[in-house]
Amino acid sequence: MLSLLKCLPPRNFKPILQLQQPCIYHFFSSSLQHKISHDPDNKNNKNNNVVVDFNLVFRSCTNINVAKQLHALLLVLGKAQDVVLLTQLVTLYATLGDLSLSSTTFKHIQRKNIFSWNSMVSAYVRRGRYRDSMDCVTELLSLSGVRPDFYTFPPVLKACLSLADGEKMHCWVLKMGFEHDVYVAASLIHLYSRFGAVEVAHKVFVDMPVRDVGSWNAMISGFCQNGNVAEALRVLDRMKTEEVKMDTVTVSSMLPICAQSNDVVGGVLVHLYVIKHGLESDVFVSNALINMYSKFGRLQDAQRVFDGMEVRDLVSWNSIIAAYEQNDDPVTALGFFKEMLFVGMRPDLLTVVSLASIFGQLSDRRIGRAVHGFVVRCRWLEVDIVIGYAQNGLASEAIDAYNMMEEGRTIVPNQGTWVSILPAYSHVGALQQGMKIHGRLIKNCLFLDVFVATCLIDMYGKCGRLEDAMSLFYEIPQETSVPWNAIISSLGIHGHGEKALQLFKDMRADGVKADHITFVSLLSACSHSGLVDEAQWCFDTMQKEYRIKPNLKHYGCMVDLFGRAGYLEKAYNLVSNMPIQADASIWGTLLAACRIHGNAELGTFASDRLLEVDSENVGYYVLLSNIYANVGKWEGAVKVRSLARDRGLRKTPGWSSVVVGSVVEVFYAGNQSHPQCAEIYEELRVLNAKMKSLGYVPDYSFVLQDVEEDEKEEILTSHSERLAIVFGIISTPPKSPIRIFKNLRVCGDCHNATKYISKITEREIIVRDSNRFHHFKDGICSCGDYW
DNA sequence: CTAGGGTTAG
């Protein structure tokens with residue numbers, strides 16, 4: 001084989017390299033073995049007698065094992081200190097996803113030149129390891145032997161996590177005199193725009209003696225990112241007068257502007273420009289076109305662009321799915337999702353976002369038909385029927401589909417399957433089934449996939465296994481905010497506000513960029529634990545440091561936090577000074593706080609505002625009618641309910657589930673149809689007596705119907721959570737823990753009752769409601785009755 | 001052997 005190698009002129013390598021990777025591997029490993037067996041000590045160090053064009057081979061290598069093999073061959077051929085080749089390897093390993101090999105290779109280069117440094121720096125940036133790349137550059141800048149060049153700065157400027165970092169780097173750029181390099185300048189413009197300092201970005205742009213398309217593009221997108229469309233269009237105009245031609249990048253920044261400003265004519269003109277200049281083949285351009293047409297509601301146009309694409313990436317699929325999903329055609333959208341899986345495209349978070357909405361739309365229709373059946377089964381007042389139920393519908397639908405897949409064994413589950421099925425199990429709190437899937441994922445090595453793993457973290461978190469969620473979190477790559485958000489929210493719903501904050505600090509230290517979801521998780525974690533000052537700090541940090549404008553969810557968390565902690569005035573001031581219009585959820589949160597702290601005056605004010613806002617959310621009508629019911633104003637309660645009915649709103653029926661063995665049992669309030677119904681109600685009666693002897697007094701304020709006292713007690717006793725708990729008690733061994741899941745918030749009287757039940761039965765009872773976890777043990781709840 | 005500016009949600 002070695003002699004064969006000698007004979008081959010380099011150009012003859014080409015056919016071999018076009019073969020599959022294992023062939024290259026085989027080819028090189030046999031030549032390697034030959035070399036070792038004939039010349040073990042490499043005495044015959046005439047490397048040049050072997051013609052290996054590593055340059056060419058590296059470029060065609062797509063497999064990490066082949067790369068390692070090539071690395072070994074390099075050592076055997078005595079090229080262990082060839083700076084050029086090792087530098088190439090640094091880049092190759094990073095491209096193939098193994099950054100640790102990249103950095104060890106880099107560390108072993110004895111005489112690193114600026115190419116080596118640049119390669120390492122950009123390798124870190126490409127894999128999102130911004131902190132490491134900054135450290136690497138800092139080290140480089142402290143050396144005297146090597147000087148950074150203009151290749152060094154663009155990646156580093158991308159890695160800056162704060163304006164301060166950016167300004168520091170800008171100083172170095174000036175010190176080295178690279179500020180007029182078009183690449184460096186574009187990076188500077190991008191950097192300043194990213195941190196909201198568009199004026200500075202614009203100054204860099206204006207000061208450039210020479211500009212290329214990239215410079216114009218950077219400035220245009222800089223203004224867009226900061227919401228200044230007018231200024232962006234002005235730059236575009238000037239670009240036209242200076243006769244700089246728009247390229248694919250310009251176009252793909254332009255199209256979202258047309259979509260956003262609903263400029264159909266402008267959008268179509270840009271499309272014509274694209275066709276005229278042959279820019280259609282660019283995926284970014286086509287994707288942007290699909291999104292724009294979708295926003296215009298012109299589905300046929302979006303479809304035509306999608307059909308005409310030669311290459312489709314993840315964004316293309318997400319875009320076409322979202323196009324149909326957002327234009328009220330969930331069936332077609334679902335069809336595209338299936339086709340996407342069929343062609344082997346891996347779904348991501350955004351796919352799942354659309355998917356959730358698709359299932360929501362589909363189930364709502366299905367549920368509509370089921371409403372009538374429900375009226376008969378539940379003995380709720382006329383108004384209090386289904387819808388909202390969609391999520392429950394989604395869960396059972398997804399689980400059914402998975403079971404069918406298992407039985408049929410015709411479809412091989414992939415990442416998409418897992419990210420659909422795991423949230424369904426999290427949703428009903430089915431830990432064991434979720435764990436079974438975890439087992440399968442370990443076999444498939446899919447559990448390290450960030451999206452699948454995040455679903456698992458979420459599942460463990462929502463099923464009450466916080467330790468499992470944590471240990472899984474530490475096993476997976478933590479480069480994006482996705483897994484961090486999941487773990488922070490898990491900690492939050494368990495009432496571990498401080499730990500959630502600690503995780504956020506770790507996230508910052510690791511250089512992972514927090515997003516608006518991170519802050520929602522964080523603020524709600526603080527709110528569950530009553531950490532007022534800490535939440536205020538997060539709220540400030542989010543705005544000052546991350547430049548994230550708080551949205552209604554963030555404000556909602558803050559209002560909730562102040563309200564529950566009893567700072568009703570602070571809560572009210574926040575609401576009245578918000579730069580955005582308060583919606584029903586904000587007023588509802590404030591109202592709930594007024595209910596807890598018995599502030600009737602503010603409560604009345606909040607409820608008036610609540611009804612002014614056109615609310616689709618039935619929960620607030622229920623809350624309001626509950627407040628009336630609490631004080632015995634039944635006419636008021638009835639009025640609110642009829643108002644809700646007029647608006648076509650129906651109450652979500654409460655249900656609780658408990659897992660016994662491998663079966664998930666679901667109970668609705670007043671359930672009479674369970675096979676072990678008689679046994680359950682008998683046990684309830686016995687328990688009730690014991691509870692009363694220990695001092696339990698039923699709190700009728702949680703009964704929302706206008707009925708006699710004895711009937712009120714019966715209603716409380718047959719709340720779904722209590723049925724589920726008792727079923728758990730009679731169906732599992734003594735003293736084993738019971739896990740309950742409830743789709744709504746746990747009722748206050750049931751919360752109190754569960755404390756007694758945990759003491760009497762010596763059971764640990766873990767209740768997860770729509771808001772958080774409650775761990776009951778020995779007559780005490782972990783939430784300290786603060787929720 | 002190493003660099004910039006771009007498309008998706010709520």
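First the proteins, then the strands, lettered A, B, ... as listed; each starts at 1.
Evaluation of the ring pair (Phe, Tyr, Trp, His ring centres under 6.0 Å) test over residues 206-246 of chain A, restricted to residues two or more places apart or in two chains, returns A/H202-A/F223, A/F205-A/W216.
Of the residues in residues 219-233 of chain A, those with a non-hydrogen atom less than 4.0 angstrom from any atom of DNA chain B are A/S221, A/Q225. Contacts between residues 99-111 of chain A and DNA chain B, counted as heavy-atom distances below 4.0 Å, involve no residue at all. Taking a 4.0 Å limit (strictly below) on heavy-atom distances, residues 248-263 of chain A reaches DNA chain B at A/T248, A/V249, A/S252, A/S253, A/P256. Less than 4.0 Å separates DNA chain B from no heavy atom of any residue of residues 129-139 of chain A.
Checked by atom type, the side-chain pair A/D212/A/S215 shows a donor-acceptor distance below 3.5 Å. Judged purely by distance below 3.5 Å, without hydrogens or angles, the side chains of A/D149 and A/T152 pair a donor atom with an acceptor atom. In summary, the side chains of A/N318 and A/N287 do not present any donor paired with an acceptor at a separation below 3.5 Å, with no hydrogens or angles considered.
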Expected list for residues 228-239 of chain A: side-chain donor-acceptor pairs under 3.5 angstrom, two or more places apart:
| from | atom 1 | to | atom 2 | distance (Å) |
| --- | --- | --- | --- | --- |
| A/N228 | OD1 | A/E231 | N | 3.2 |
| A/E231 | OE1 | A/R234 | NH1 | 3.1 |

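Remark: P of B/dG5 and CG of A/D282 are 15 Å apart, rounded to the nearest angstrom. B/dT7 atom P lies 14 Å from atom CE of A/M292, rounded to whole Å. Going from atom CZ of A/R126 over to atom P of B/dT2 covers 9 Å, rounded to whole Å. Per the geometry, CZ belonging to A/R59 stands 14 Å off C1' belonging to B/dT2, to the nearest Å. If you take CH2 of A/W117 and P of B/dC1, they are 21 Å apart, rounded to a whole angstrom. Between the NE2 atom of A/H190 and the C1' atom of B/dG6 there is a distance of 10 Å, rounded to whole Å. B/dG4 atom C1' lies 10 Å from atom CE of A/M208, rounded to whole Å. In this structure, CG of A/N291 is placed 10 Å from C1' of B/dA9, rounded to the nearest angstrom.
Scanning atom types as modelled, one donor and one acceptor separated by under 3.5 angstrom connect the side chain of A/D247 and the base of B/dG5.
Within the nucleic acid shown, A/D212 comes within 4.0 Å of at least one base atom, counting heavy atoms only. Nucleic acid contact class of A/T152 (heavy atoms, under 4.0 Å, all strands): none. Residue A/N551 is out of contact with every strand shown, counting any heavy-atom pair closer than 4.0 Å. Within 4.0 Å (heavy atoms only), A/V83 reaches no atom of the nucleic acid at all. Within 4.0 Å of A/V121, counting heavy atoms only, lies no atom of the nucleic acid at all. Looking at heavy-atom distances under 4.0 Å, A/N318 makes contact with a base. Across all strands shown, A/F58 has no heavy atoms under 4.0 Å from either base or sugar-phosphate atoms. Across all strands, A/K295 comes closer than 4.0 Å only to sugar-phosphate atoms, never to a base (heavy-atom distances).
The side chain of A/Y183 has B/dA3 as its nearest neighbour among B/dG6, B/dA3, B/dG5. Comparing atom distances between the A/Q88 side chain and each of B/dG4, B/dT7, B/dC1 picks out B/dC1 as nearest. Listed nucleotides: B/dA3, B/dT7, B/dC1. Nearest to the side chain of A/Y151: B/dA3. For A/N113, the side-chain atoms get nearest to B/dC1 when compared with the rest of B/dC1, B/dT8, B/dG4. Side-chain proximity of A/V182 to the nucleotides B/dG4, B/dG6, B/dT7 is greatest for B/dG4. Distances from the side chain of A/S187 to the nucleotides B/dT7, B/dG4, B/dA3 place B/dG4 closest.
The aromatic rings of A/F336 and A/Y324 lie parallel to each other, with less than 30° between the two planes, well short of the 60° mark.
Counting heavy-atom neighbours within 6.0 Å of A/E242 CD, excluding the residue itself, gives a total above 12. Atom CD of A/E199 has more than 12 neighbouring heavy atoms from other residues, nucleotides or ligands inside a 6.0 Å radius.
Panel note: side chain A/H554, backbone A/N551; a donor-acceptor pair is recorded below 3.5 Å. Panel note: side chain A/S521, backbone A/I517; a donor-acceptor pair is recorded below 3.5 Å.
Going from atom OH of A/Y192 over to atom CG of A/L163 covers 6.5 Å, rounded to the nearest 0.5 Å. A distance of 12.0 Å separates CZ in A/R111 from OG in A/S116, rounded to the nearest 0.5 Å. Here the OG atom belonging to A/S286 is positioned 4.5 Å from the CE atom belonging to A/M309, to the nearest 0.5 angstrom. Rounding to the nearest 0.5 angstrom, the gap separating the OG1 atom in A/T480 from the CG atom in A/N485 is 8.0 Å.
Dashed line: the shortest gap from a side-chain N or O of A/S122 to OP1 or OP2 of B/dA3 is under 4.0 Å.
For A/Y555 and A/F539, the distance between ring centers is under 6.0 angstrom.
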**Chi angles and distances behind the side-chain contact (heavy atoms from CB on, under 4.5 Å) call for A/L188, A/L157** = CA-CA 7 Å; A/L188 281 170; A/L157 291 168; 4.0 Å; yes

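By the stacking rule of 5.5 Å between ring centres and under 30° between planes, A/F284 does not stack on the base of B/dT7.
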